[in-house]
Amino acid sequence: MNNYAVKTQGLSMNYGSCKALNSFDLQLEPNKIYGLLGRNGAGKTTLLNILTGRIFQSSGKADVFGKRAYENIDILKQICYIEEQGFYASTVRISQVLQLASGLYPNWDKEYAQSLLALFELDKRKKYRQLSRGMESSLGLIIGLASRAELTVFDEPSLGLDAVVRERFYDAVIDDFAEHPRTIIISTHLIDEVSRLFEDVIIIDGGRLLLQADGIELKEKSYYISGKEQAVRAAAEGAVIMSEENFGGTLILAVYAKNGLRQSDDTDIQPIPMQKLFVLLINPEIHGNLRKGGVIQ
């Protein structure tokens with residue numbers, strides 16, 4: 001038996017000739033918040049569907065809390081998966097949806113769910129057909145948070161939400177996680193905005209695990225360096241160069257500096273925003289340099 005919340009070995013999923021996942025190995029420790037990142041079609045949703053028992057893989061293993069989730073009611077009770085789109089009858093009321101959820105999740109917190117209704121300004125008397133896209137997303141967030149499930153998965157949780165509601169969700173995740181730790185996976189395209197939540201970042205590309213790293217460390221060691229070429233090259237010595245551009249005699253390097261950078265009055269050093277860093281990390285042209293520098297395996 002292992003102590004991982006999630007562990008996959010050689011996990012593969014084929015749809016005809018298409019390999020959605022290809023020998024995918026992943027290990028997630030319990031009681032951490034993970035960011036799952038990747039372009040459309042990278043394999044994120046396929047991975048989440050396998051982990052949450054929605055589909056069964058073509059080959060390999062996928063264990064949640066040491067057991068397979070597929071057709072395993074004991075494990076499924078410990079999982080809450082909030083998808084992009086809810087599937088409720090148009091006439092069902094929010095109060096009825098929450099009542100149903102309370103019977104699905106053993107750790108359901110009714111009082112917390114009620115407080116989240118107020119936080120997200122949802123009227124429990126409304127029918128599902130009356131909800132805007134943002135309201136549908138808010139309802140999913142309430143279920144995911146109030147479920148207090150040992151493995152909680154949010155797949156694109158912010159669709160249709162305005163900036164105020166998104167910030168309320170991010171704050172709620174941080175606050176409730178501090179009181180009730182569990183394993184949370186958030187798959188999203190709003191990387192910069194939500195990156196402060198991630199303890200670990202997982203990047204998928206082409207059905208393979210490209211990178212799993214400490215989110216804070218990844219951000220703190222990735223920089224843009226700009227200035228005259230000689231000074232910039234000196235400052236970046238020992239760092240992994242991810243990209244470089246020249247503008248009228250000014251060199252701009254994007255680097256991953258595991259051991260820090262040489263400070264200089266002749267260079268400008270700025271952190272790379274997480275969204276930009278993600279674009280760099282999935283660029284096939286720089287994979288060779290990243291592998292040589294030990295950033296990816």
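Basis for what follows: all heavy atoms, side chains included, without hydrogens, waters or symmetry-related copies. From a predicted model like this one, the values you see are computed outputs, not experimental measurements.
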What's the shortest heavy-atom distance between [X] and [Y], and which atoms?
| X | Y | answer |
| --- | --- | --- |
| Thr46 | Ala20 | OG1-CB, 3.7 Å |
| Leu119 | Ala172 | CD2-CB, 4.3 Å |
| Leu48 | Thr52 | O-OG1, 2.7 Å |
| Tyr224 | Pro273 | CE1-CD, 4.1 Å |

- Query: How about Asn246: does its CG atom have over 12 heavy atoms from other parts shown lying under 6.0 Å from it?
  - Reply: yes
- Message: The test is salt bridge (charged side-chain N to carboxylate O under 4.0 Å, His left out); show your working for Glu244 and Arg233 and say whether it passes.
- Response: CA-CA 11 Å; Glu244 57 181 273; Arg233 298 285 183 195; 2.8 Å; yes
- Kindly write out the residues that satisfy salt bridge (charged side-chain N to carboxylate O under 4.0 Å, His left out) with Arg125, not counting sequence neighbours, or none if the list is empty. Asp123
- Query: salt bridge (charged side-chain N to carboxylate O under 4.0 Å, His left out) with Arg39: which residues, sequence neighbours excluded?
  - Reply: Asp205
- Message: Pair Arg182, Asp176 - check salt bridge (charged side-chain N to carboxylate O under 4.0 Å, His left out), show working.
- Response: CA-CA 10 Å; Arg182 62 264 205 199; Asp176 198 58; 2.8 Å; yes
Lys/Arg-Asp/Glu bridge criterion (N-O < 4.0 Å) met for [X], [Y]:
| X | Y | result |
| --- | --- | --- |
| Lys219 | Asp192 | no |
| Arg196 | Asp171 | yes |
| Asp200 | Lys32 | yes |

- Query: If you look only at pairs with a residue in residues 160-195, which of them pass as a ring pair (Phe, Tyr, Trp, His ring centres under 6.0 Å), with sequence neighbours excluded?
  - Reply: Phe154-Phe169
- Which residue pairs satisfy the ring pair (Phe, Tyr, Trp, His ring centres under 6.0 Å) criterion with at least one member in residues 15-56, sequence neighbours excluded? Phe56-Tyr70
- Query: Is there any side chain to side chain donor-acceptor pair (under 3.5 Å) pair reaching into residues 98-117, and which pairs are they, with sequence neighbours excluded?
  - Reply: Asp109-Arg148
- Task: Only counting residues at least two apart or in another chain, list the ones meeting side chain to side chain contact (heavy atoms under 4.5 Å, CB included) with Lys228.
- Result: none
